Q: 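This structure is in C-alpha coordinates; I'll ask about it shortly.
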There are 2 protein chains.
Amino acid sequence: MPERQSSRKDAIRNREAVLAAADALFARHESPEDVTMADVAAAAGVGKGTLFRAFGDRAGLLRALYEGRLEPIRQAVETGPPPLGPTTPPRERVPALLDAVLCFKLDNRRLALALEEGGSSSPYRAEHYERWHSLLQAVLEEIPSVTDSGFTAHALLAATRADLVEHLAGEERIPRERMRAQLSNFVTAVLASGPLQGLTAEE
Amino acid sequence: MPERQSSRKDAIRNREAVLAAADALFARHESPEDVTMADVAAAAGVGKGTLFRAFGDRAGLLRALYEGRLEPIRQAVETGPPPLGPTTPPRERVPALLDAVLCFKLDNRRLALALEEGGSSSPYRAEHYERWHSLLQAVLEEIPSVTDSGFTAHALLAATRADLVEHLAGEERIPRERMRAQLSNFVTAVLASGPLQGLTAEE
DNA sequence: GTTCAAACGGACCTAGGGTCCGGATTCTAT
DNA sequence: ATAGAATCCGGACCCTAGGTCCGTTTGAAC
(Lines give C-alpha, C1' and ligand atoms only; values in the text may rest on other atoms or scores of the structure.)
Protein backbone atom coordinates (compact mmCIF):
# COMPACT_ATOMS: atom_id res chain seq x y z
CA MET A 1 0.00 0.00 0.00
CA PRO A 2 2.23 2.82 -1.20
CA GLU A 3 0.96 6.07 0.24
CA ARG A 4 3.77 7.37 2.41
CA GLN A 5 5.43 10.70 1.84
CA SER A 6 8.72 10.93 0.06
CA SER A 7 11.33 13.56 0.83
CA ARG A 8 12.89 13.62 -2.58
CA LYS A 9 11.99 16.73 -4.48
CA ASP A 10 11.51 15.00 -7.83
CA ALA A 11 8.99 12.68 -6.22
CA ILE A 12 7.12 15.59 -4.72
CA ARG A 13 7.20 17.56 -7.93
CA ASN A 14 5.93 14.60 -9.91
CA ARG A 15 3.17 13.97 -7.44
CA GLU A 16 1.97 17.53 -7.84
CA ALA A 17 2.26 17.33 -11.60
CA VAL A 18 0.14 14.19 -11.68
CA LEU A 19 -2.49 15.69 -9.43
CA ALA A 20 -2.69 18.81 -11.56
CA ALA A 21 -2.79 16.87 -14.81
CA ALA A 22 -5.45 14.49 -13.58
CA ASP A 23 -7.53 17.34 -12.30
CA ALA A 24 -7.39 19.07 -15.65
CA LEU A 25 -8.13 15.90 -17.57
CA PHE A 26 -11.15 14.94 -15.51
CA ALA A 27 -12.48 18.45 -15.81
CA ARG A 28 -12.00 18.45 -19.56
CA HIS A 29 -13.60 15.12 -20.41
CA GLU A 30 -17.28 14.29 -20.42
CA SER A 31 -17.00 10.92 -18.77
CA PRO A 32 -14.33 9.83 -16.30
CA GLU A 33 -14.15 6.56 -18.17
CA ASP A 34 -12.25 8.04 -21.03
CA VAL A 35 -9.45 9.36 -18.93
CA THR A 36 -6.97 6.52 -18.72
CA MET A 37 -4.06 6.20 -16.40
CA ALA A 38 -1.76 6.35 -19.40
CA ASP A 39 -3.38 9.64 -20.38
CA VAL A 40 -2.76 11.07 -16.95
CA ALA A 41 0.83 9.92 -16.96
CA ALA A 42 1.44 11.40 -20.39
CA ALA A 43 -0.24 14.69 -19.51
CA ALA A 44 1.87 14.93 -16.39
CA GLY A 45 5.03 14.19 -18.35
CA VAL A 46 5.69 11.15 -16.22
CA GLY A 47 5.96 7.40 -16.66
CA LYS A 48 3.19 5.04 -15.66
CA GLY A 49 5.43 3.48 -13.07
CA THR A 50 5.80 6.81 -11.31
CA LEU A 51 2.11 7.37 -11.33
CA PHE A 52 1.29 3.99 -9.83
CA ARG A 53 4.09 4.18 -7.29
CA ALA A 54 2.76 7.48 -6.03
CA PHE A 55 -0.90 6.54 -5.78
CA GLY A 56 -1.10 2.78 -5.71
CA ASP A 57 -3.89 2.45 -8.21
CA ARG A 58 -6.56 4.38 -10.03
CA ALA A 59 -8.78 4.60 -6.98
CA GLY A 60 -5.86 5.95 -4.98
CA LEU A 61 -5.36 8.77 -7.43
CA LEU A 62 -9.04 9.63 -7.42
CA ARG A 63 -9.09 9.53 -3.66
CA ALA A 64 -6.13 11.87 -3.41
CA LEU A 65 -7.83 14.38 -5.68
CA TYR A 66 -11.10 14.01 -3.85
CA GLU A 67 -9.68 14.43 -0.38
CA GLY A 68 -7.87 17.53 -1.47
CA ARG A 69 -11.07 19.12 -2.67
CA LEU A 70 -12.99 17.95 0.35
CA GLU A 71 -10.61 19.37 2.89
CA PRO A 72 -12.14 22.87 3.18
CA ILE A 73 -15.59 21.44 3.74
CA ARG A 74 -14.30 19.00 6.31
CA GLN A 75 -12.79 21.92 8.16
CA ALA A 76 -16.00 23.90 8.00
CA VAL A 77 -17.96 20.95 9.30
CA GLU A 78 -15.64 19.97 12.10
CA THR A 79 -14.60 23.30 13.53
CA GLY A 80 -16.34 26.01 11.55
CA PRO A 81 -19.17 28.42 12.39
CA PRO A 82 -22.85 27.68 11.82
CA PRO A 83 -24.65 26.52 9.83
CA LEU A 84 -22.10 23.77 9.10
CA GLY A 85 -20.13 23.77 12.33
CA PRO A 86 -20.81 21.66 15.38
CA THR A 87 -22.51 24.43 17.35
CA THR A 88 -25.49 24.49 14.99
CA PRO A 89 -28.76 23.07 16.28
CA PRO A 90 -29.47 19.69 14.64
CA ARG A 91 -32.65 20.64 12.78
CA GLU A 92 -30.69 23.36 11.06
CA ARG A 93 -27.44 21.53 10.64
CA VAL A 94 -28.80 18.52 8.79
CA PRO A 95 -30.07 20.52 5.80
CA ALA A 96 -26.86 22.53 5.82
CA LEU A 97 -24.74 19.39 5.71
CA LEU A 98 -26.67 17.91 2.84
CA ASP A 99 -26.59 21.19 1.00
CA ALA A 100 -22.85 21.25 1.41
CA VAL A 101 -22.57 17.74 0.04
CA LEU A 102 -24.77 18.63 -2.90
CA CYS A 103 -22.79 21.75 -3.70
CA PHE A 104 -19.58 19.83 -3.46
CA LYS A 105 -20.81 17.28 -5.95
CA LEU A 106 -22.08 19.98 -8.26
CA ASP A 107 -18.72 21.67 -8.16
CA ASN A 108 -16.84 18.43 -8.68
CA ARG A 109 -19.23 16.44 -10.81
CA ARG A 110 -16.79 14.47 -12.89
CA LEU A 111 -14.47 13.74 -10.05
CA ALA A 112 -17.20 12.62 -7.68
CA LEU A 113 -18.64 10.46 -10.42
CA ALA A 114 -15.33 8.83 -11.10
CA LEU A 115 -14.67 8.04 -7.49
CA GLU A 116 -18.12 7.04 -6.32
CA GLU A 117 -19.44 5.12 -9.23
CA GLY A 118 -16.55 4.36 -11.51
CA GLY A 119 -14.86 2.15 -8.97
CA SER A 120 -15.44 -1.55 -8.96
CA SER A 121 -16.18 -1.73 -5.25
CA SER A 122 -19.21 -0.33 -3.50
CA PRO A 123 -19.10 3.37 -2.64
CA TYR A 124 -20.42 2.41 0.77
CA ARG A 125 -17.07 0.96 1.68
CA ALA A 126 -15.26 4.24 1.10
CA GLU A 127 -14.07 5.87 4.28
CA HIS A 128 -15.27 9.29 3.25
CA TYR A 129 -18.77 7.94 2.90
CA GLU A 130 -18.46 6.36 6.28
CA ARG A 131 -17.45 9.72 7.74
CA TRP A 132 -20.39 11.58 6.26
CA HIS A 133 -22.74 8.86 7.30
CA SER A 134 -21.67 8.63 10.90
CA LEU A 135 -21.67 12.38 11.29
CA LEU A 136 -25.12 12.70 9.77
CA GLN A 137 -26.39 9.83 11.84
CA ALA A 138 -25.07 11.43 15.01
CA VAL A 139 -26.76 14.71 14.24
CA LEU A 140 -30.01 13.00 13.33
CA GLU A 141 -29.87 11.16 16.61
CA GLU A 142 -30.40 14.48 18.34
CA ILE A 143 -33.69 15.03 16.60
CA PRO A 144 -36.34 13.18 18.57
CA SER A 145 -38.82 12.83 15.74
CA VAL A 146 -36.34 10.89 13.64
CA THR A 147 -36.45 7.15 13.99
CA ASP A 148 -33.76 4.94 12.50
CA SER A 149 -31.12 7.60 12.24
CA GLY A 150 -28.81 5.13 10.56
CA PHE A 151 -31.13 4.32 7.71
CA THR A 152 -32.32 7.90 7.42
CA ALA A 153 -28.75 9.08 7.05
CA HIS A 154 -28.18 6.56 4.27
CA ALA A 155 -31.39 7.53 2.52
CA LEU A 156 -30.66 11.24 2.69
CA LEU A 157 -27.14 10.79 1.43
CA ALA A 158 -28.47 8.64 -1.37
CA ALA A 159 -30.34 11.68 -2.65
CA THR A 160 -27.00 13.37 -3.25
CA ARG A 161 -25.26 10.55 -5.05
CA ALA A 162 -22.87 11.64 -7.72
CA ASP A 163 -24.59 9.94 -10.62
CA LEU A 164 -27.99 11.26 -9.61
CA VAL A 165 -26.62 14.77 -9.32
CA GLU A 166 -24.92 14.34 -12.65
CA HIS A 167 -28.16 13.15 -14.19
CA LEU A 168 -30.18 16.03 -12.79
CA ALA A 169 -27.62 18.62 -13.76
CA GLY A 170 -26.63 17.09 -17.08
CA GLU A 171 -29.66 15.32 -18.50
CA GLU A 172 -32.54 17.14 -16.89
CA ARG A 173 -30.66 20.44 -16.96
CA ILE A 174 -31.91 21.49 -13.56
CA PRO A 175 -30.15 24.65 -12.45
CA ARG A 176 -28.05 24.61 -9.34
CA GLU A 177 -30.26 26.76 -7.16
CA ARG A 178 -33.36 24.83 -8.06
CA MET A 179 -31.70 21.57 -7.19
CA ARG A 180 -30.57 22.94 -3.85
CA ALA A 181 -34.08 24.09 -3.14
CA GLN A 182 -35.51 20.69 -4.03
CA LEU A 183 -33.08 18.87 -1.83
CA SER A 184 -33.71 21.30 0.96
CA ASN A 185 -37.44 20.74 0.66
CA PHE A 186 -36.95 17.02 0.71
CA VAL A 187 -34.75 17.09 3.78
CA THR A 188 -37.15 19.37 5.52
CA ALA A 189 -39.98 17.00 4.77
CA VAL A 190 -38.08 14.11 6.26
CA LEU A 191 -37.20 16.02 9.39
CA ALA A 192 -40.64 17.52 9.78
CA SER A 193 -42.27 14.19 10.27
CA GLY A 194 -42.70 15.04 13.92
CA PRO A 195 -46.46 15.44 13.75
CA LEU A 196 -46.73 11.74 13.25
CA GLN A 197 -45.19 11.05 16.60
CA GLY A 198 -47.34 13.69 18.26
CA LEU A 199 -45.00 16.64 18.84
CA THR A 200 -45.68 19.52 16.49
CA ALA A 201 -43.04 21.73 18.13
CA GLU A 202 -43.16 25.51 18.18
CA GLU A 203 -43.17 27.97 15.23
CA MET B 1 -28.03 -4.37 -31.85
CA PRO B 2 -28.86 -8.05 -32.09
CA GLU B 3 -31.96 -8.69 -30.06
CA ARG B 4 -34.47 -10.19 -32.49
CA GLN B 5 -35.99 -13.58 -31.93
CA SER B 6 -34.69 -16.55 -33.78
CA SER B 7 -36.84 -19.42 -34.90
CA ARG B 8 -34.14 -22.03 -34.92
CA LYS B 9 -34.44 -24.38 -32.04
CA ASP B 10 -30.74 -24.58 -31.28
CA ALA B 11 -30.64 -20.81 -30.94
CA ILE B 12 -33.59 -20.86 -28.58
CA ARG B 13 -32.19 -23.72 -26.55
CA ASN B 14 -28.86 -21.97 -26.23
CA ARG B 15 -30.48 -18.73 -25.23
CA GLU B 16 -32.28 -20.50 -22.41
CA ALA B 17 -29.13 -22.32 -21.39
CA VAL B 18 -27.22 -19.07 -21.18
CA LEU B 19 -29.94 -17.39 -19.16
CA ALA B 20 -30.06 -20.28 -16.72
CA ALA B 21 -26.30 -20.51 -16.39
CA ALA B 22 -25.90 -16.79 -15.88
CA ASP B 23 -28.62 -16.78 -13.30
CA ALA B 24 -26.95 -19.56 -11.37
CA LEU B 25 -23.52 -17.99 -11.62
CA PHE B 26 -24.62 -14.59 -10.41
CA ALA B 27 -26.46 -16.17 -7.53
CA ARG B 28 -23.44 -18.25 -6.57
CA HIS B 29 -20.76 -15.55 -6.61
CA GLU B 30 -20.27 -12.81 -4.07
CA SER B 31 -19.63 -10.02 -6.51
CA PRO B 32 -20.97 -9.78 -10.04
CA GLU B 33 -17.52 -8.64 -11.11
CA ASP B 34 -16.09 -12.09 -10.88
CA VAL B 35 -18.55 -13.63 -13.25
CA THR B 36 -17.01 -13.17 -16.65
CA MET B 37 -18.70 -13.62 -19.96
CA ALA B 38 -16.37 -16.51 -20.66
CA ASP B 39 -17.55 -18.13 -17.42
CA VAL B 40 -21.15 -17.80 -18.45
CA ALA B 41 -20.44 -19.23 -21.88
CA ALA B 42 -18.56 -22.15 -20.39
CA ALA B 43 -21.22 -22.85 -17.78
CA ALA B 44 -23.88 -22.81 -20.47
CA GLY B 45 -21.84 -25.16 -22.64
CA VAL B 46 -21.72 -22.58 -25.38
CA GLY B 47 -19.13 -20.52 -27.21
CA LYS B 48 -18.58 -16.86 -26.53
CA GLY B 49 -19.71 -15.97 -30.01
CA THR B 50 -23.08 -17.54 -29.35
CA LEU B 51 -23.44 -15.66 -26.15
CA PHE B 52 -22.67 -12.29 -27.67
CA ARG B 53 -24.80 -12.92 -30.72
CA ALA B 54 -27.77 -13.66 -28.52
CA PHE B 55 -27.45 -10.73 -26.15
CA GLY B 56 -25.28 -8.15 -27.83
CA ASP B 57 -23.10 -7.42 -24.87
CA ARG B 58 -22.79 -7.90 -21.14
CA ALA B 59 -25.38 -5.28 -20.35
CA GLY B 60 -27.77 -6.97 -22.75
CA LEU B 61 -27.45 -10.25 -20.91
CA LEU B 62 -28.00 -8.61 -17.56
CA ARG B 63 -30.97 -6.72 -18.91
CA ALA B 64 -32.54 -9.89 -20.24
CA LEU B 65 -32.21 -11.58 -16.85
CA TYR B 66 -33.46 -8.53 -15.06
CA GLU B 67 -36.49 -7.99 -17.23
CA GLY B 68 -37.46 -11.61 -16.80
CA ARG B 69 -37.44 -11.29 -13.05
CA LEU B 70 -39.17 -7.95 -13.11
CA GLU B 71 -42.06 -9.08 -15.26
CA PRO B 72 -44.36 -10.31 -12.44
CA ILE B 73 -43.96 -7.08 -10.54
CA ARG B 74 -44.61 -5.04 -13.62
CA GLN B 75 -47.82 -6.95 -14.11
CA ALA B 76 -48.85 -6.42 -10.52
CA VAL B 77 -48.16 -2.72 -10.79
CA GLU B 78 -49.86 -2.11 -14.09
CA THR B 79 -52.96 -4.21 -13.86
CA GLY B 80 -52.97 -5.88 -10.47
CA PRO B 81 -55.07 -5.40 -7.35
CA PRO B 82 -54.17 -3.04 -4.51
CA PRO B 83 -51.87 -2.15 -2.92
CA LEU B 84 -49.69 -2.21 -6.05
CA GLY B 85 -52.27 -1.83 -8.76
CA PRO B 86 -53.50 1.41 -10.27
CA THR B 87 -56.71 1.54 -8.26
CA THR B 88 -54.86 2.13 -5.01
CA PRO B 89 -55.05 5.61 -3.49
CA PRO B 90 -51.72 7.46 -3.94
CA ARG B 91 -50.80 7.81 -0.29
CA GLU B 92 -51.02 4.07 0.02
CA ARG B 93 -49.59 3.15 -3.33
CA VAL B 94 -46.33 5.04 -3.02
CA PRO B 95 -45.10 3.06 -0.02
CA ALA B 96 -46.30 -0.13 -1.65
CA LEU B 97 -44.36 0.60 -4.82
CA LEU B 98 -41.17 1.34 -2.96
CA ASP B 99 -41.61 -1.72 -0.82
CA ALA B 100 -41.98 -3.77 -3.96
CA VAL B 101 -38.81 -2.31 -5.38
CA LEU B 102 -36.96 -2.99 -2.17
CA CYS B 103 -38.15 -6.56 -1.99
CA PHE B 104 -37.21 -7.10 -5.58
CA LYS B 105 -33.71 -5.89 -4.94
CA LEU B 106 -33.43 -7.99 -1.83
CA ASP B 107 -34.52 -11.04 -3.75
CA ASN B 108 -32.18 -10.28 -6.64
CA ARG B 109 -29.31 -8.58 -4.90
CA ARG B 110 -26.45 -9.71 -7.07
CA LEU B 111 -28.31 -9.29 -10.30
CA ALA B 112 -29.56 -5.81 -9.47
CA LEU B 113 -26.08 -4.86 -8.38
CA ALA B 114 -24.56 -6.11 -11.58
CA LEU B 115 -27.01 -4.26 -13.78
CA GLU B 116 -27.38 -1.01 -11.89
CA GLU B 117 -23.91 -0.36 -10.69
CA GLY B 118 -21.60 -2.67 -12.58
CA GLY B 119 -22.32 -1.02 -15.90
CA SER B 120 -20.13 1.74 -17.19
CA SER B 121 -23.01 4.06 -17.99
CA SER B 122 -25.28 5.77 -15.51
CA PRO B 123 -28.15 3.71 -14.12
CA TYR B 124 -30.34 6.73 -14.70
CA ARG B 125 -30.21 6.13 -18.41
CA ALA B 126 -31.68 2.66 -18.10
CA GLU B 127 -35.22 2.41 -19.39
CA HIS B 128 -36.42 0.41 -16.43
CA TYR B 129 -35.32 3.19 -14.12
CA GLU B 130 -37.15 5.65 -16.31
CA ARG B 131 -40.28 3.54 -16.02
CA TRP B 132 -40.20 3.37 -12.25
CA HIS B 133 -39.44 7.04 -12.01
CA SER B 134 -42.18 8.27 -14.24
CA LEU B 135 -44.71 6.01 -12.57
CA LEU B 136 -43.70 7.12 -9.12
CA GLN B 137 -43.67 10.72 -10.17
CA ALA B 138 -47.17 10.42 -11.58
CA VAL B 139 -48.47 8.91 -8.38
CA LEU B 140 -46.72 11.51 -6.24
CA GLU B 141 -48.30 14.19 -8.37
CA GLU B 142 -51.64 13.17 -6.95
CA ILE B 143 -50.55 13.93 -3.44
CA PRO B 144 -51.03 17.64 -2.82
CA SER B 145 -48.53 17.97 0.00
CA VAL B 146 -45.71 16.77 -2.22
CA THR B 147 -43.77 19.43 -4.06
CA ASP B 148 -41.30 18.56 -6.78
CA SER B 149 -42.66 15.15 -7.56
CA GLY B 150 -39.84 14.59 -10.03
CA PHE B 151 -37.07 15.14 -7.55
CA THR B 152 -38.94 13.38 -4.78
CA ALA B 153 -39.34 10.33 -6.97
CA HIS B 154 -35.61 10.30 -7.66
CA ALA B 155 -34.77 10.73 -4.01
CA LEU B 156 -37.10 7.97 -2.88
CA LEU B 157 -35.82 5.57 -5.50
CA ALA B 158 -32.28 6.43 -4.48
CA ALA B 159 -33.05 4.96 -1.08
CA THR B 160 -33.56 1.59 -2.75
CA ARG B 161 -30.44 1.55 -4.88
CA ALA B 162 -28.94 -1.84 -5.35
CA ASP B 163 -25.61 -1.11 -3.76
CA LEU B 164 -27.20 0.52 -0.74
CA VAL B 165 -29.50 -2.43 -0.27
CA GLU B 166 -26.57 -4.74 -0.70
CA HIS B 167 -24.61 -2.79 1.88
CA LEU B 168 -27.43 -2.81 4.39
CA ALA B 169 -28.18 -6.48 3.91
CA GLY B 170 -24.62 -7.65 3.54
CA GLU B 171 -22.41 -5.39 5.64
CA GLU B 172 -24.79 -4.11 8.26
CA ARG B 173 -26.67 -7.39 8.35
CA ILE B 174 -30.03 -5.73 8.68
CA PRO B 175 -32.80 -8.29 8.38
CA ARG B 176 -35.29 -8.02 5.59
CA GLU B 177 -38.31 -7.06 7.63
CA ARG B 178 -36.45 -4.41 9.54
CA MET B 179 -35.23 -2.85 6.33
CA ARG B 180 -38.73 -2.83 4.90
CA ALA B 181 -39.98 -1.15 8.05
CA GLN B 182 -37.26 1.48 7.89
CA LEU B 183 -37.96 2.29 4.29
CA SER B 184 -41.66 2.41 5.01
CA ASN B 185 -41.06 4.84 7.85
CA PHE B 186 -38.92 6.99 5.67
CA VAL B 187 -41.45 7.12 2.87
CA THR B 188 -44.19 7.91 5.31
CA ALA B 189 -42.17 10.78 6.71
CA VAL B 190 -41.66 12.22 3.26
CA LEU B 191 -45.33 11.98 2.37
CA ALA B 192 -46.50 13.33 5.71
CA SER B 193 -44.73 16.63 5.25
CA GLY B 194 -47.95 18.59 4.78
CA PRO B 195 -47.68 20.66 7.99
CA LEU B 196 -44.64 22.57 6.85
CA GLN B 197 -46.27 24.58 4.10
CA GLY B 198 -48.52 26.24 6.62
CA LEU B 199 -51.32 23.78 6.74
CA THR B 200 -50.90 21.90 9.96
CA ALA B 201 -53.82 19.71 8.99
CA GLU B 202 -55.85 17.77 11.44
CA GLU B 203 -53.92 15.13 13.45
C1' DG C 1 33.36 12.92 -5.55
C1' DT C 2 31.57 8.64 -4.23
C1' DT C 3 27.89 5.81 -2.76
C1' DC C 4 23.54 3.86 -2.37
C1' DA C 5 18.83 4.08 -1.59
C1' DA C 6 15.02 5.80 -3.89
C1' DA C 7 12.59 7.24 -7.95
C1' DC C 8 12.10 7.03 -12.90
C1' DG C 9 9.85 5.37 -17.15
C1' DG C 10 8.33 2.66 -20.57
C1' DA C 11 8.35 -2.12 -22.17
C1' DC C 12 5.69 -5.77 -20.75
C1' DC C 13 2.00 -8.74 -18.66
C1' DT C 14 -2.79 -10.03 -17.94
C1' DA C 15 -7.73 -10.12 -17.86
C1' DG C 16 -11.80 -9.64 -19.82
C1' DG C 17 -15.09 -7.69 -23.22
C1' DG C 18 -16.03 -8.10 -27.89
C1' DT C 19 -15.18 -9.78 -33.04
C1' DC C 20 -14.45 -13.04 -36.93
C1' DC C 21 -15.03 -16.65 -39.95
C1' DG C 22 -14.62 -21.56 -41.39
C1' DG C 23 -17.45 -25.30 -40.34
C1' DA C 24 -21.71 -27.46 -38.47
C1' DT C 25 -26.82 -27.32 -38.10
C1' DT C 26 -31.40 -26.37 -39.33
C1' DC C 27 -35.07 -25.03 -42.28
C1' DT C 28 -37.43 -25.15 -46.82
C1' DA C 29 -38.59 -26.41 -51.24
C1' DT C 30 -38.90 -29.98 -54.34
C1' DA D 1 -34.95 -37.81 -48.90
C1' DT D 2 -31.93 -34.25 -50.36
C1' DA D 3 -29.86 -30.20 -52.14
C1' DG D 4 -29.12 -25.58 -51.05
C1' DA D 5 -29.49 -21.55 -48.60
C1' DA D 6 -29.76 -19.29 -44.41
C1' DT D 7 -28.57 -19.28 -39.95
C1' DC D 8 -25.98 -20.49 -36.08
C1' DC D 9 -21.90 -22.40 -33.58
C1' DG D 10 -17.53 -21.91 -31.21
C1' DG D 11 -13.19 -20.78 -29.94
C1' DA D 12 -9.15 -18.51 -31.76
C1' DC D 13 -8.12 -13.90 -32.00
C1' DC D 14 -7.93 -8.69 -31.15
C1' DC D 15 -7.87 -4.67 -28.23
C1' DT D 16 -7.91 -1.81 -24.39
C1' DA D 17 -6.61 -0.44 -20.03
C1' DG D 18 -5.03 -1.32 -15.38
C1' DG D 19 -1.07 -2.82 -13.18
C1' DT D 20 3.96 -4.77 -12.78
C1' DC D 21 9.08 -5.13 -13.57
C1' DC D 22 13.56 -3.92 -13.82
C1' DG D 23 17.58 -1.66 -15.87
C1' DT D 24 18.74 3.20 -15.62
C1' DT D 25 18.95 7.77 -13.55
C1' DT D 26 18.68 11.04 -9.85
C1' DG D 27 19.21 13.01 -5.45
C1' DA D 28 20.95 13.37 -0.94
C1' DA D 29 24.23 12.25 2.53
C1' DC D 30 28.97 11.84 3.84
Side-chain angles (χ1 to χ4, degrees), chain A residues 1-22 25-26 29-65 110 113-115 117-121, chain B residues 1-22 25-26 29-65 110 113-115 117-121:
Chain A
M1 295 301 141
E3 194 64 38
R4 49 197 282 203
Q5 282 288 52
S6 162
S7 47
R8 270 176 65 158
K9 75 178 179 198
D10 54 351
I12 297 176
R13 182 176 44 74
N14 281 332
R15 186 184 168 90
E16 298 303 324
V18 167
L19 246 14
L25 282 182
F26 280 113
H29 285 75
E30 269 306 309
S31 166
E33 311 261 317
D34 44 44
V35 174
T36 78
M37 294 302 270
D39 289 342
V40 174
V46 147
K48 285 181 65 178
T50 302
L51 198 168
F52 280 96
R53 195 169 333 96
F55 297 98
D57 58 7
R58 181 175 235 259
L61 171 59
L62 273 320
R63 227 178 301 131
L65 278 171
R110 311 286 163 65
L113 240 194
L115 183 63
E117 318 297 335
S120 51
S121 78
Chain B
M1 340 36 237
E3 194 63 41
R4 47 195 283 205
Q5 281 289 50
S6 162
S7 47
R8 275 179 61 158
K9 74 177 179 196
D10 53 352
I12 297 175
R13 180 176 45 74
N14 280 332
R15 187 186 167 88
E16 299 302 323
V18 167
L19 246 14
L25 281 183
F26 280 114
H29 285 75
E30 269 306 310
S31 166
E33 310 261 318
D34 43 47
V35 175
T36 77
M37 294 302 269
D39 289 342
V40 174
V46 146
K48 286 182 62 178
T50 302
L51 198 167
F52 279 96
R53 198 172 328 98
F55 297 98
D57 58 6
R58 181 174 234 258
L61 171 58
L62 272 322
R63 227 179 301 132
L65 279 170
R110 311 285 163 66
L113 240 194
L115 184 60
E117 319 297 336
S120 51
S121 79

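Here is how names work: the chains are called A, B, and so on, in the same order as the sequence lines, proteins then strands, and each is numbered from 1. These numbers were taken from a predicted model, which means no experiment stands behind them.
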Q: Determine, for nucleotides 18-23 of chain C in 5'-to-3' order, which nucleotides have protein heavy atoms under 4.0 Å from the base (write B), from only the sugar-phosphate (write S), or from neither (write -).
A: BBB---
Q: Has B/N14 got a side-chain N or O lying under 4.0 Å from the OP1 or OP2 atom of D/dC9?
A: yes
Q: Once side chain to side chain contact (heavy atoms under 4.5 Å, CB included) is applied, do any residues pair with B/A42, and if so which ones, sequence neighbours excluded?
A: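 B/A42 satisfies side chain to side chain contact (heavy atoms under 4.5 Å, CB included) with no other residue.
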Q: Could I get the full list of salt bridge (Lys or Arg N to Asp or Glu O under 4.0 Å) partners for B/D10, not counting sequence neighbours?
A: B/R8
Q: Using modelled atom types only, decide if a donor and an acceptor are shared between the side chain of A/R58 and the backbone of A/M37 within a distance under 3.5 Å.
A: no
Q: Would you list the protein and nucleotides 24-28 of chain C atom pairs, both N or O, that sit under 3.5 Å from each other?
A:
unit_1: C/dT25; atom_1: O2; unit_2: B/R8; atom_2: NH1; d: 3.2
unit_1: C/dT25; atom_1: O2; unit_2: B/R8; atom_2: NH2; d: 2.9
unit_1: C/dT26; atom_1: O4'; unit_2: B/R8; atom_2: NH2; d: 3.3

Q: Give me the atom names and distance for the closest heavy-atom approach of A/A114 to A/P32.
A: CB-CB, 3.4 Å
Q: Nearest-Å distance, CZ (A/R15) to P (C/dA7)?
A: 12 Å
Q: State, yes or no, whether a side-chain contact exists between B/R15 and B/F55 at a heavy-atom distance under 4.5 Å.
A: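 With C-beta onward as the side chain, the pair touches.
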Q: Suppose we screen for side chain to side chain contact (heavy atoms under 4.5 Å, CB included). Which residues come up paired with A/A43, at least two apart in sequence or across chains?
A: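 Applying side chain to side chain contact (heavy atoms under 4.5 Å, CB included) to A/A43 gives A/A21, A/L25.
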Q: A/L113 vs A/F26, test: side chain to side chain contact (heavy atoms under 4.5 Å, CB included). Steps then yes/no.
A: CA-CA 10 Å; A/L113 240 194; A/F26 280 113; over 6 Å; no
Q: Using side chain to side chain contact (heavy atoms under 4.5 Å, CB included) as the criterion, list what pairs up with A/A38, not counting sequence neighbours.
A: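 Per chain and number, A/A38 pairs via side chain to side chain contact (heavy atoms under 4.5 Å, CB included) with A/T36, A/K48.
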Q: To the nearest angstrom, how far is B/L51 atom CG from C/dG16 atom C1'?
A: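 Taking atom C1' of C/dG16 as the reference, CG of B/L51 is at 13 Å.
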Q: Rounded to the nearest angstrom, tell me the gap between atom CD in A/E33 and atom C1' in D/dG18.
A: 13 Å
